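In what follows, a structure is listed as structure tokens, so that the remarks can point back to it.
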Number of protein chains: 4
Amino acid sequence: MAKHKKQVRNPVQRRSIEKRGRIIRTAQRLFSKHGIHGTTSNEIAAKSGVSIGTFYSYFRNKKELMMEVLRSYLAEFTANIFKGKDIARIAGRKPEIRRLIRELIASAFAAFEHEPEFHRQMWALKYSDPEIRKLFDESEKKEVAYVRSLLELYAPGMKDIDAGAKIIHSAIQNAGHYVKLLDYPMKETRILEELTEMVYRYLFRQ
Amino acid sequence: MAKHKKQVRNPVQRRSIEKRGRIIRTAQRLFSKHGIHGTTSNEIAAKSGVSIGTFYSYFRNKKELMMEVLRSYLAEFTANIFKGKDIARIAGRKPEIRRLIRELIASAFAAFEHEPEFHRQMWALKYSDPEIRKLFDESEKKEVAYVRSLLELYAPGMKDIDAGAKIIHSAIQNAGHYVKLLDYPMKETRILEELTEMVYRYLFRQ
Amino acid sequence: MAKHKKQVRNPVQRRSIEKRGRIIRTAQRLFSKHGIHGTTSNEIAAKSGVSIGTFYSYFRNKKELMMEVLRSYLAEFTANIFKGKDIARIAGRKPEIRRLIRELIASAFAAFEHEPEFHRQMWALKYSDPEIRKLFDESEKKEVAYVRSLLELYAPGMKDIDAGAKIIHSAIQNAGHYVKLLDYPMKETRILEELTEMVYRYLFRQ
Amino acid sequence: MAKHKKQVRNPVQRRSIEKRGRIIRTAQRLFSKHGIHGTTSNEIAAKSGVSIGTFYSYFRNKKELMMEVLRSYLAEFTANIFKGKDIARIAGRKPEIRRLIRELIASAFAAFEHEPEFHRQMWALKYSDPEIRKLFDESEKKEVAYVRSLLELYAPGMKDIDAGAKIIHSAIQNAGHYVKLLDYPMKETRILEELTEMVYRYLFRQ
DNA sequence: GATGAATGAGCTTTCATTCAT
DNA sequence: AATGAATGAAAGCTCATTCAT
């Protein structure tokens with residue numbers, strides 16, 4: 001007996017969209033505060049001011065909600081990194097290059113400050129849940145692409161520009177985690193300086 | 001009704017040590033296969049061929065077992081990275097430097113191959129559980145210290161050697177994750193080459 | 001992962017109140033029959049015709065149910081003792097005094113007959129559990145107050161009326177236990193007669 | 001298949017008797033401290049310096065040990081009440097009677113001070129366990145008999161001397177509980193005075 | 001559309017007692 | 001006699017999800 005996919009409402013009316021959004025925001029708040037496992041569906045529904053039944057008419061299950069929360073979070077996260085840093089304008093400004101790298105890294109680090117607890121929780125899931133991983137992958141792909149576009153601009157002679165973009169991105173990402181999510185006991189600026197230096201030399205000391 | 005320190009057997013006899021070891025190995029296998037949450041204490045006991053009572057006479061609780069498994073895993077993991085790479089001998093051999101860096105990174109990458117599933121599961125916990133994080137921290141501290149000792153040898157002029165060692169370690173670590181744990185769709189050698197290059201230039205193109 | 005106040009349903013609808021009541025009555029029955037420790041939550045739920053989940057939506061835990069059962073029992077118990085014995089009417093009737101005392105004691109004794117097994121179980125807990133003790137204390141306070149009001153009426157010259165009320169109440173209570181709960185091998189009427197005599201003389205033979 | 005009664009050692013050798021006694025004393029201490037349910041057989045054995053196997057060669061099970069502890073406790077308890085109060089000497093001394101009663105009650109109250117926690121724990125069991133009840137009954141029978149012998153001496157005209165002895169004993173017992181075991185919020189002396197008065201009038205104001 | 005009472009499989013952990021050595 | 005490693009039934013409780021109203 002084939003199981004029909006359970007219908008989930010796709011809200012178009014204003015009130016419904018609002019409600020859905022409220023649930024997502026409440027969930028993010030609670031996930032940050034008590035962790036994923038420490039937050040129950042019923043609590044999310046209650047704190048969102050909807051019944052558990054309504055909750056399940058908007059989201060097939062807890063996991064789906066989680067992914068929705070993550071989606072919206074990652075969109076914002078990525079946007080924050082590049083706020084005021086779009087390629088076109090940078091290319092036009094011809095900035096002092098070391099300073100550009102430092103700013104970009106600082107900007108990436110800063111993006112973790114918005115919801116560090118939530119980011120930690122979700123990053124954990126990235127390693128244990130393939131679907132969550134996929135969401136991160138999509139988001140990171142954009143970030144790497146941005147790095148790549150900078151490399152095209154400033155380090156056009158690079159041998160393997162795709163691999164280069166990836167390792168730069170990855171180095172910044174992990175350093176950001178230690179500094180912003182994992183309480184690494186070292187002044188952030190020291191990490192920032194050396195990372196800037198490493199990337200700079202990688203690009204311009206061929 | 002205050003409950004004080006529950007006693008846990010500290011095995012000295014051969015049979016007991018064997019049994020304890022068997023439980024740890026079984027647990028690691030099951031954690032890899034079904035994840036931490038997907039593995040129950042009873043299953044671990046059963047698959048280890050001991051009763052649940054015996055299980056709890058060797059480990060205060062599931063979490064403690066988990067940490068034991070991780071401890072033993074990390075010890076081996078770190079050892080594997082540096083197998084045949086002890087500082088003294090390297091210093092003596094005066095190796096071609098770019099090759100040394102490449103080998104070290106390759107060795108770090110290779111260490112993930114032993115138990116990738118388990119490593120993924122545990123890395124996830126590093127982000128959501130402070131006690132697990134501490135275990136990783138201790139292990140990473142040793143790795144970073146090793147990198148630092150290489151820097152002292154080959155890049156003595158570095159401005160901030162501690163920060164430098166950390167970001168190099170962190171860059172390699174995360175790249176290793178993408179390549180070995182997260183199915184990053186790029187030939188490992190490309191990542192390896194560029195990472196080698198980045199580190200090389202960081203050290204020698206001041 | 002801090003867990004805050006778990007919500008417990010506070011039933012207002014007829015069906016819910018009924019269900020809650022049914023659980024309480026079933027529990028009382030089972031506690032009488034097998035004792036507190038001999039009765040499991042699952043059994044109570046099953047015999048009440050509800051799922052264990054429902055059980056735990058009405059009561060935070062087994063202990064809370066127990067206290068609820070006790071509360072309702074004690075209310076009835078105390079009420080039974082004084083049924084048709086309210087001070088105002090007694091004062092009006094000017095009863096033959098020895099007869100009044102005997103009736104009161106007999107009435108107290110009789111109250112144990114309703115649920116002797118349950119009373120025994122709970123009295124046991126009074127000695128080992130402070131929260132249970134508190135419930136008994138509240139209930140006994142009312143009984144002692146009643147005795148005191150009788151003393152004010154009939155033995156106004158008493159030196160220490162509060163202590164007097166307490167020891168009279170306590171003497172009756174314990175005698176009641178031996179006769180009704182502890183199978184003391186002596187005709188109840190003999191205990192009743194002497195107790196009546198003791199109290200009578202205490203009050204009127206100063 | 002008839003189950004043979006498990007053999008329990010009946011120690012005659014000095015060392016064995018000592019060991020048995022040590023277990024009993026340790027058990028009483030632990031029962032007082034953590035309650036019956038809060039004390040495990042294994043803990044008793046360990047703290048007594050014997051193996052759990054040895055423990056079970058001296059006592060058929062935990063309950064039997066408990067009863068042994070209670071037996072020895074009650075013997076001491078009863079002895080304490082009547083220490084220096086043996087009938088013969090009292091009869092000889094012809095003491096001022098009200099003072100004798102007060103002393104006896106005070107002595108009974110004082111007996112609770114030796115191990116109040118343990119007494120509370122055990123009294124609880126008296127109400128839920130018939131075998132424990134029997135032990136208390138035996139001990140109380142002696143106490144009641146003593147009271148009876150006093151009555152014979154001082155109130156020979158009493159109508160029902162057995163019932164009289166019982167209710168006096170019972171009144172003192174329960175008052176003692178409130179004062180010494182149940183934290184009744186009233187100065188002990190007030191209870192003591194009124195109780196003395198009640199008993200006195202009961203005996204001499206016929 | 002909305003509600004929220006109801007479900008129940010499933011989890012971790014305890015401890016009295018046994019019995020091979 | 002003495003040991004103590006081993007046992008395993010059994011208990012309390014959670015929470016994602018359903019579905020009758």
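Chain letters run A, B, ... following the sequence lines, proteins first and then strands; every chain starts at 1. Just so we're clear, the structure is a prediction, and the values are computed from it rather than from any experiment. Both backbone and side-chain heavy atoms feed into the values below; hydrogens, waters and symmetry mates do not.
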Evaluate C:Tyr127 against D:His119 for ring pair (Phe, Tyr, Trp, His ring centres under 6.0 Å), listing each step before the verdict.
CA-CA 9 Å; C:Tyr127 278 77; D:His119 202 113; 8.6 Å; no
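- D:Lys33 contributes no side-chain N or O that, together with a main-chain N or O of D:Gly38, makes up a donor-acceptor pair within less than 3.5 Å.
- Dashed line: the shortest gap from a side-chain N or O of A:Ser51 to OP1 or OP2 of E:dG4 is not under 4.0 Å.
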Please tabulate the protein-to-nucleotide N/O contacts below 3.5 Å involving nucleotides 10-12 of chain F, giving atom names and distances.
from, atom 1, to, atom 2, distance (Å)
F:dG12, OP1, C:Lys62, NZ, 2.7
F:dG12, OP2, C:Ser41, N, 3.3

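- When each of B:Gly53 and C:Ser16 is assigned the nucleotide of DNA chain E bearing its nearest heavy atom, the one mapping closer to the 5' terminus is C:Ser16.
- The salt bridge (charged side-chain N to carboxylate O under 4.0 Å, His left out) check on C:Glu43 picks up C:Lys47, with sequence neighbours excluded.
- Between B:Arg120 and B:Glu117 there is a salt bridge, since a side-chain N of the basic residue sits under 4.0 Å from a carboxylate O of the acidic one.
- Regarding contacts with the backbone of E:dG4, every side-chain N or O of C:Arg9 stays at 4.0 angstrom or more from both OP1 and OP2.
- Separating the CZ atom of C:Arg20 from the P atom of E:dA6 is a distance of 13 Å, rounded to the nearest angstrom.
- In this view, C:Ser57 and C:Arg9 satisfy the side chain to side chain donor-acceptor pair (under 3.5 Å) rule, not counting sequence neighbours.
- Contact annotation: C:Ser57 side-chain N/O to E:dA6 OP1/OP2 distance is not under 4.0 Å.
- Within 4.0 Å (heavy atoms only), B:Lys63 reaches no atom of the nucleic acid at all.
- Remark: C1' of F:dA5 and CD1 of B:Ile17 are 14 Å apart, rounded to the nearest angstrom.
- For A:Ser48, the side-chain contact (heavy atoms from CB on, under 4.5 Å) criterion is met by A:Ile23, A:Thr26, A:Ile44, A:Val50, not counting sequence neighbours.
- If you take CZ of C:Phe55 and P of F:dC13, they are 8 Å apart, rounded to a whole angstrom.
- Summarising the geometry, the separation between CD1 on A:Ile44 and P on E:dG4 is reported as 17 Å, rounded to the nearest angstrom.
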Should C:Val69 and C:Arg25 be marked as a side-chain contact (heavy atoms from CB on, under 4.5 Å) after you check the CA-CA gap, both sets of side-chain angles, and the distance that decides it?
CA-CA 8 Å; C:Val69 176; C:Arg25 284 191 305 279; over 6 Å; no
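- To the nearest angstrom, P of F:dC13 lies 11 Å from CG of C:Leu65.
- Taking a pair as Watson-Crick or G-U wobble with both distances under 3.5 Å, the runs of three or more consecutive pairs in DNA chain E are E:2-21 with F:2-21.
- B:Asn10 has its CG atom 14 Å from the C1' atom of F:dA5, to the nearest Å.
- With rounding to whole Å, C:Ile23 atom CD1 is found 12 Å from E:dA5 atom C1'.
- Ring geometry for A:His37 against B:His37 counts as tilted: the plane angle lies between 30° and 60°, on a 0 to 90° scale.
- In this entry the distance linking CD of A:Glu43 with P of F:dT14 reads 13 Å, nearest Å.
- In terms of phosphate contacts, D:Lys19 brings a side-chain nitrogen or oxygen within less than 4.0 Å of OP1 or OP2 of F:dA2.
- The side-chain contact (heavy atoms from CB on, under 4.5 Å) search around A:Lys134 returns A:Glu138, not counting sequence neighbours.
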